[in-house]
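Just so it is clear: chains get the letters A, B, ... in the order the sequence lines come, proteins before strands, and each one is counted from 1.
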There are 2 protein chains.
Amino acid sequence: MARPREFDADEALEKAMELFWDVGYDEASLSELLGAMEITKGSFYKAFQDKQSVYLATLDRYNDQVVSNTVAFLGDPAEGTGGDRILALFGRIADLAQKEGDRLGCFLCNALVDKAGGAEAEAKLQAMTRRLENGFYRALQDDGLEETEARGTARGILTAYFGLRVLGRAGLSADMASDCIRQVERMLGRMR
Amino acid sequence: MARPREFDADEALEKAMELFWDVGYDEASLSELLGAMEITKGSFYKAFQDKQSVYLATLDRYNDQVVSNTVAFLGDPAEGTGGDRILALFGRIADLAQKEGDRLGCFLCNALVDKAGGAEAEAKLQAMTRRLENGFYRALQDDGLEETEARGTARGILTAYFGLRVLGRAGLSADMASDCIRQVERMLGRMR
DNA sequence: TGTGTTTTGTACCATTCGGTTCCTAACTCT
DNA sequence: AGAGTTAGGAACCGAATGGTACAAAACACA
């Protein structure tokens, strides 16, 4: 029994995430944010509390969508062995980075460096990082690695993952990506 | 035949670098910057042009000091084999990250993600990245690796380097660091 | 001791920042 | 149709933004 919303809150959040992803928290001014979300101030402050809580919401969104998707892929036996899945993930990232004009990187990684959004944001980011690490960990366990070995390798791969995403955002050259992947293969014990 | 400067321009630039390093370009407001540099506006705009050119100057400073130092270390035969030097560098970074309260990361890496300072900054950052890559490359060549193999491995190590620095800034746990280093050893062909 | 030059600090500038208020428009339900 | 409720939008807010103008202060040289 009231006036219905004219905008899709989920869609608006998606646009907000894309902006924060691209330029970070501070450089995304409120007016830019409103422009991207296609909303005016009134609706913005009515539907969400303020800029910061929108930021936190976009972090949750990234976790629910991108991170979940990635972890699910890493755990999906239909995609081959654990090592196959990890390499496929890195291949996807490398492809993305090679497409000229992508230059987004990984929202989690960017936000980790950005350090915006206070303690609440940091907690979310650390949780996401742990989810990713565990995704690698379980994939390695699927290949029969014992616990401590799998844990150590997972962390090494996580490091390479973040590194690759930084280089991707920085405009990494095409041949760079394949070189990185070869080193991950080496971590997985697949020499060549 | 004029009034001499009351502040040390080099010292002020050092402080500016520390601030940009910590919080990034946008979040470092002009007043914060002035406070850190211990300078008032008048001197600031007289000695340097504006905020952006100070930022660019701090990037140069980081290149001249930190990057140069790192590359020199990687190329110093007195520090052991190429592989030894690379591992020692990673060890230093891991030690830094483990010290609670460091949380700075690498200015180059942070700035790469920050994407502030326009095209000029980006060019400087890419040049620094290349210097670092070549530092690893030459260290590997010192160990007798042939060209393409050394190049590929150098890039993999560069990736791990950035990844480790992101995790360090994010507040990486102590055991995390040693796991990362073990994977770098693996890239270097030193299993264990 | 002047005189000229440069630095320094302060006052000021328009603009933009994130955020609030409040009135009107739009809708649902009775 | 009318009452009740909520969204939308514009006007407005103080504070902070990066940057400029200018007068006073501090020095070097003659």
**Fill in**
To the nearest angstrom, the OH-P distance between B/Tyr55 and D/dG18 comes to 14 Å

**Request:** Provide, to the nearest angstrom, the distance between the CD atom belonging to B/Glu27 and the C1' atom belonging to C/dC17.
**Result:** 14 Å

**Message:** Tell me every residue that passes side chain to side chain contact (heavy atoms under 4.5 Å, CB included) with A/Ser53, counting only those two or more places apart in sequence or in another chain.
**Reply:** A/Gln49, A/Asp50

**For B/Glu27, all residues meeting side chain to side chain donor-acceptor pair (under 3.5 Å), sequence neighbours excluded** = none

Which side-chain N or O atoms in residues 85-92 of chain B pair as donor and acceptor under 3.5 Å with protein atoms at least two apart or in another chain?
unit_1: B/Arg85; atom_1: NE; unit_2: B/Asp76; atom_2: O; d: 3.1
unit_1: B/Arg85; atom_1: NE; unit_2: B/Gly80; atom_2: O; d: 3.0
unit_1: B/Arg85; atom_1: NE; unit_2: B/Thr81; atom_2: O; d: 3.4
unit_1: B/Arg85; atom_1: NH1; unit_2: B/Leu74; atom_2: O; d: 2.7
unit_1: B/Arg85; atom_1: NH1; unit_2: B/Asp142; atom_2: OD2; d: 3.0
unit_1: B/Arg85; atom_1: NH2; unit_2: B/Gly80; atom_2: O; d: 3.2
unit_1: B/Arg85; atom_1: NH2; unit_2: B/Asp142; atom_2: OD2; d: 3.4

**Message:** Any N or O donor-acceptor pair under 3.5 Å from the base of C/dT7 to the side chain of B/Arg3?
**Reply:** yes

**Message:** For B/Arg138, give me all partners under side chain to side chain contact (heavy atoms under 4.5 Å, CB included), at least two apart in sequence or on another chain.
**Reply:** B/Val71, B/Asn134

Tabulated below should be each protein N or O lying under 3.5 Å from an N or O of nucleotides 9-11 of chain C; please produce it.
unit_1: C/dG9; atom_1: OP2; unit_2: B/Thr40; atom_2: OG1; d: 2.6

**Strand-adjacent residues in residues 13-23 of chain B, judged by heavy atoms under 4.0 Å from DNA chain C** = none

**Complete:** Separation of D/dA16 atom P from B/Lys51 atom NZ, nearest Å, is 16 Å

**Complete:** Whole-Å distance, B/Glu38 CD to C/dT8 P, equals 13 Å

**Prompt:** D/dG8 P sits how many Å from A/Arg5 CZ, rounded?
**Reply:** 7 Å

**Request:** Could you check if a side-chain atom of A/Asp60 sits within less than 4.5 angstrom of a side-chain atom of A/Lys124, using non-hydrogen atoms only?
**Result:** yes

**Message:** Can you confirm whether B/Glu38 is buried at CD, in the sense that more than 12 heavy atoms of other residues, nucleotides or ligands lie under 6.0 Å from that atom?
**Reply:** no

**Request:** Measure the distance from OH on B/Tyr45 to P on C/dC12 and round it to the nearest whole Å.
**Result:** 19 Å

**Listed partners of B/Gln141 passing side chain to side chain contact (heavy atoms under 4.5 Å, CB included), at least two apart** = B/Tyr137, B/Glu147, B/Ala150

**Prompt:** Near DNA chain C, under 4.0 Å by heavy atom, which residues of residues 28-37 of chain B?
**Reply:** none

Ignoring hydrogens and angles, write down the donor-acceptor pairs under 3.5 Å from the side chains of residues 156-165 of chain A, residues two or more places apart or on other chains.
unit_1: A/Thr159; atom_1: OG1; unit_2: A/Arg155; atom_2: O; d: 2.7
unit_1: A/Tyr161; atom_1: OH; unit_2: A/Arg165; atom_2: NH1; d: 3.2
unit_1: A/Arg165; atom_1: NH2; unit_2: A/Gly105; atom_2: O; d: 3.3

**Item:** Pairs meeting criterion ring-ring contact (aromatic ring centres under 6.0 Å, His included) with involvement of residues 54-87 of chain A, two or more places apart
**Value:** A/Phe20-A/Tyr55, A/Trp21-A/Tyr62, A/Tyr25-A/Tyr55, A/Tyr62-A/Phe107

**Prompt:** Roughly, in whole Å, what's the span from CG in B/Asp50 to P in D/dT20?
**Reply:** 8 Å

**Message:** Enumerate the side-chain hydrogen bond (donor to acceptor under 3.5 Å, both in side chains) contacts for residues 109-120 of chain A, please, sequence neighbours excluded, ordered by first and then second residue.
**Reply:** none

**Request:** List for me each residue that meets side chain to side chain contact (heavy atoms under 4.5 Å, CB included) alongside B/Asp8, sequence neighbours excluded, and say none if there are none.
**Result:** B/Asp10, B/Glu11

**Message:** From CZ of A/Phe7 over to P of D/dA7, roughly how many Å is that when rounded to an integer?
**Reply:** 8 Å

**Prompt:** Contact class for B/Phe44 vs. all strands (heavy atom < 4.0 Å): base, sugar-phosphate, or nothing?
**Reply:** nothing

